[in-house]
Amino acid sequence: MMRVKHLSLLFSAVCFLFITSEISAQKKTKNKSKETSSTEIYASPKLVVGIVVDQMRYDYLTRFWNHYGNGGFKRLVNEGFNCKNNHFNYAPTSTGPGHTSVYTGATPSTHGIIGNNWYDKVSDAEVYCAADSTYASVGSSSDAGKMSPHRMQVTTITDELRLHTQKRGKVIAIALKDRGAVLPGGHTANAAYWFHGEDEGKWISSTYYMQELPTWVNAFNASKKVQGYKKAWTTLKDIGTYVESGLDNNAYEGLFETETAPTFPHSTPNLLAKDKDFEILKYTPYGNSITADFAIEALEAEALGKDAITDFLAVSFSSTDYIGHKFGVNSKEIQDTYLRLDRDLERLLIALDKKVGEGEYTVFLTADHGAVDVPAYLQSQKIPAGYMGDGDLKTKFMPFLKYTFGTTDIVKNFSNYQFFLDHEIIKNLDMDISQAQEIIAEELIGYNDVERVYTGHQMMRSEYTKGIPYILQNGYHQKRSGDILIVLAPNYINYPKMGSTHGSPQIYDTHVPLLFFGKGIRKGSTVGRTEIPDIAPTIASLLGIAFPNGTTGKPLEEVLK
């Protein structure tokens with residue numbers, strides 16, 4: 001009987017130990033699961049840096065690759081993630097819509113910034129994407145600071161960071177162009193700064209953000225750093241090594257004042273003058289260097305990335321666009337600009353390593369649009385190309401309007417390759433708007449420099465899923481866009497015959513770089529298609545915050561760890 005009792009006690013003890021062990025193991029597993037879950041649900045970089053390079057084609061990465069150092073573009077590519085097939089999925093492809101789409105995760109059909117400028121149907125006047133007369137300039141006596149993001153109809157990733165952190169996360173936006181700072185900064189930025197050239201050469205802002213410039217900005221403006229860049233523009237390397245670009249002296253490039261040929265060195269009187277015409281610096285690589293200088297100063301003065309709450313620095317390098325417009329995508333000037341920008345990026349990354357900590361910040365780099373090669377140059381190479389002003393639109397369209405409608409006033413505005421019609425005149429003619437649109441569209445499609453024509457009625461009633469109509473529809477805002485949309489033939493533009501431009505749905509305007517680097521980012525690359533609106537939700541997923549409220553893009557799961 002005693003033996004049975006002892007066996008019973010032993011069995012009970014073993015069961016107790018087994019159950020206790022199981023409970024303990026389950027608790028450990030549960031705790032481990034919780035720990036794993038909390039570390040994988042989001043990353044917490046101290047700082048996110050968004051870099052937009054204005055008018056950067058994807059092939060600038062590959063074309064100039066052998067000239068780049070190891071610390072700029074190559075560091076971002078080799079240590080980060082490269083989306084090689086990244087595109088704008090809308091048109092018009094220009095600076096205002098481009099910056100807005102990067103930061104909202106949406107297209108103009110949603111966010112409302114349909115161009116840099118556009119005809120406003122309500123006020124019957126042309127409006128600028130960032131202009132706002134209800135605010136005043138800060139840091140300048142000019143009107144250059146009368147800006148705000150009020151025309152942008154949705155939130156940005158920077159807004160969502162501010163909301164998520166109860167505004168403890170700081171957002172600073174910087175660019176030579178006002179729209180390159182105002183739109184990325186969103187509605188809630190702590191500050192947006194842009195460069196006012198003319199005869200001032202200062203970084204300024206708007207009363208939308210502040211009543212006076214911070215001490216550090218005033219100190220930067222007083223430091224004469226900008227004046228130090230008023231010097232001759234010579235090539236960074238021996239120009240003979242710039243074999244990736246066309247001839248230095250050619251007929252397809254613009255001139256600085258007093259120049260008789262568009263050749264290096266560029267050392268005109270206005271470029272050398274220390275006390276006036278700072279606008280000219282935008283058309284040199286020194287404009288990007290000034291931007292990098294100011295961004296690095298902001299990093300320190302605003303204590304960005306100094307605590308556990310994520311901050312955001314939005315930087316746009318604008319001189320690449322000014323230079324591309326003036327000299328064209330095949331110029332020695334563009335090549336030299338990108339080699340110098342590579343060094344400025346390296347300086348910025350070194351500053352981030354030092355001030356925030358290597359591995360403690362996340363960067364993305366993209367562009368706001370690409371650019372077309374100079375059509376006159378392409379013509380010289382026997383490639384089909386041309387200019388809108390040389391064709392039927394100039395000679396036939398107005399007579400057609402007069403003959404068909406009795407007046408040319410039926411067209412109120414042409415901008416961003418869209419015609420805006422006078423709806424009152426159409427109603428007085430006892431016509432439906434869609435009927436008038438269709439009549440004009442049928443005329444335009446017969447012109448030799450027009451490849452495609454779509455009406456506003458088509459944009460509103462159809463749902464396109466691929467190709468150029470899909471791109472146009474993503475750029476079509478029902479309340480703000482025009483009645484008729486035209487697409488010129490490939491390599492045809494509405495622009496002077498020197499320099500490059502952009503704005504079309506063609507692939508040379510849509511294909512731009514997209515690089516991710518730093519905390520929470522995988523190393524690698526993809527040739528799968530990615531689109532500009534994918535950037536904001538990818539960063540939102542990384543940070544574990546809400547997507548911008550108009551987001552139409554998707555997170556790029558292959559980018560994130």
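These numbers come from the heavy atoms of this one structure, side chains and all, not from hydrogens, waters or symmetry mates.
For the residue pair Asp509 and Ser504, a side-chain donor N or O sits within less than 3.5 Å of a side-chain acceptor on the partner. Looking only at atom types and distance, the side chain of Asn82 has no donor-acceptor partner in the side chain of Ser525 under 3.5 Å away. No donor-acceptor contact under 3.5 angstrom links the side chains of Arg179 and Thr100, judged on distance only. Using modelled atom types, one finds no donor on one side chain facing an acceptor on the other under 3.5 Å when comparing Tyr283 with Glu279. Between the side chains of Asn474 and Ser109, no donor-acceptor pair is found at a separation under 3.5 Å. In the model, Tyr242 has no side-chain atom that pairs as donor or acceptor with a side-chain atom of Lys237 under 3.5 Å. Between the side chains of Ser123 and Asp120, at least one donor N or O sits under 3.5 Å from an acceptor N or O. For the residue pair Tyr119 / Asp124, a side-chain donor-acceptor distance below 3.5 Å is found, with atom types taken as modelled. Side-chain polar atoms of Asn249 and Thr263 form no donor-acceptor pair below 3.5 angstrom. Looking only at atom types and distance, the side chain of His502 has a donor-acceptor partner in the side chain of His325 under 3.5 Å away. A side-chain N or O of His369 and one of Asp54 form a donor-acceptor pair less than 3.5 Å apart. In this model, a donor atom of one side chain and an acceptor atom of the other lie less than 3.5 Å apart for Thr268 and Glu257. Between the side chains of His87 and Thr530, no donor N or O sits under 3.5 Å from an acceptor N or O.
Between Asp336 and Arg340 there is a salt bridge, since a side-chain N of the basic residue sits under 4.0 Å from a carboxylate O of the acidic one. A salt bridge is defined here as a Lys NZ or Arg NE, NH1 or NH2 lying under 4.0 Å from an Asp or Glu carboxylate O, and Lys554 with Asp534 meets this definition. A salt bridge links Arg347 with Asp293: at least one charged nitrogen is closer than 4.0 Å to a carboxylate oxygen.
Of the inter-residue distances, the one linking Lys84 atom NZ with Thr526 atom OG1 reads 9.0 Å to the nearest 0.5 angstrom. Remark: Lys282 NZ to Thr320 OG1 distance equals 13.5 Å, nearest 0.5 Å. Within the model, atoms CG of Leu183 and CG of Asp368 stand 11.0 Å from one another, a figure rounded to the nearest 0.5 Å. For the atom pair Phe88 CZ and Ile471 CD1, the distance stands at 11.5 Å (nearest 0.5 Å). Atom CZ of Phe64 and atom CG of Asp342 lie 11.5 Å apart (nearest 0.5 Å). Tyr377 contributes atom OH, which lies 4.5 Å from atom CG of Asn330 (distance to the nearest 0.5 angstrom).
In this structure the side chain of Gln227 reaches within 4.5 angstrom of the side chain of Phe278, judged on heavy atoms. Side-chain contact between Arg75 and Tyr68: absent, with no pair of heavy atoms (C-beta onward) separated by less than 4.5 Å. Put simply, the side chain of Ile539 reaches to within 4.5 Å of the side chain of Phe516, judged on heavy atoms. Within the 4.5 Å cutoff, no side-chain heavy atoms of Leu281 are placed close to those of Leu176. Residues Leu378 and Asp373 are in side-chain contact: their nearest non-hydrogen atoms beyond the backbone lie under 4.5 Å apart. The shortest side-chain heavy-atom distance between Phe327 and Thr337 does not fall under the 4.5 Å cut-off. Counting only heavy atoms from C-beta outward, the side chains of Pro184 and Thr156 never approach each other to under 4.5 Å. Side-chain atoms of Glu253 and Glu333, non-hydrogen and from C-beta on, do get closer than 4.5 Å to each other.
Annotation: cation-pi pair Lys332/Phe264 absent, no NZ/CZ under 6.0 Å from the ring centroid and within 45° of its normal. Geometrically, Lys177 engages Tyr322 in a cation-pi contact defined by less than 6.0 Å to the ring centre and at most 45° from the axis. A cation-pi geometry, defined here as NZ or CZ lying under 6.0 Å from the six-membered ring centre and within 45° of its normal, holds between Lys326 and Phe256. By the 6.0 Å and 45° rule, Lys202 does not stack over the aromatic ring of Phe195.
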Discussion item. Walk me through whether Tyr103 and Val52 qualify under side chain to side chain contact (heavy atoms under 4.5 Å, CB included).
Written reply: CA-CA 10 Å; Tyr103 281 85; Val52 177; 4.2 Å; yes
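Phe397 and Phe419 have tilted rings, their planes meeting at an angle from 30° to 60° on a 0 to 90° scale. Note: His266 and Trp233 have tilted aromatic rings, judged against thresholds of 30 and 60 degrees for the angle between ring planes.
Checked by atom type and distance alone, the side chain of Thr366 pairs as donor or acceptor with a backbone atom of Pro513 at under 3.5 Å. With hydrogens and angles disregarded, a donor-acceptor distance shorter than 3.5 Å links the side chain of Arg63 to the backbone of Glu244. No side-chain donor-acceptor contact under 3.5 Å links Thr107 to the backbone of Gly475. The backbone N or O of Gly482 lies less than 3.5 Å from a partner atom in the side chain of Gln418, making a donor-acceptor pair. No donor-acceptor distance shorter than 3.5 angstrom exists from the side chain of Tyr476 to the backbone of Ile114, with no hydrogens or angles considered. Thr62 contributes a side-chain N or O that, together with a main-chain N or O of Asp59, makes up a donor-acceptor pair within less than 3.5 Å. No donor-acceptor distance shorter than 3.5 angstrom exists from the side chain of Ser94 to the backbone of Gly96, with no hydrogens or angles considered.
Aromatic rings of Trp203 and Tyr193 (six-membered ring for Trp) have centroids beyond the 6.0 Å cut-off, not under it.
For Pro149, the side-chain contact (heavy atoms from CB on, under 4.5 Å) partners are Met152, Val182, His187, Tyr208, Tyr209, not counting sequence neighbours.
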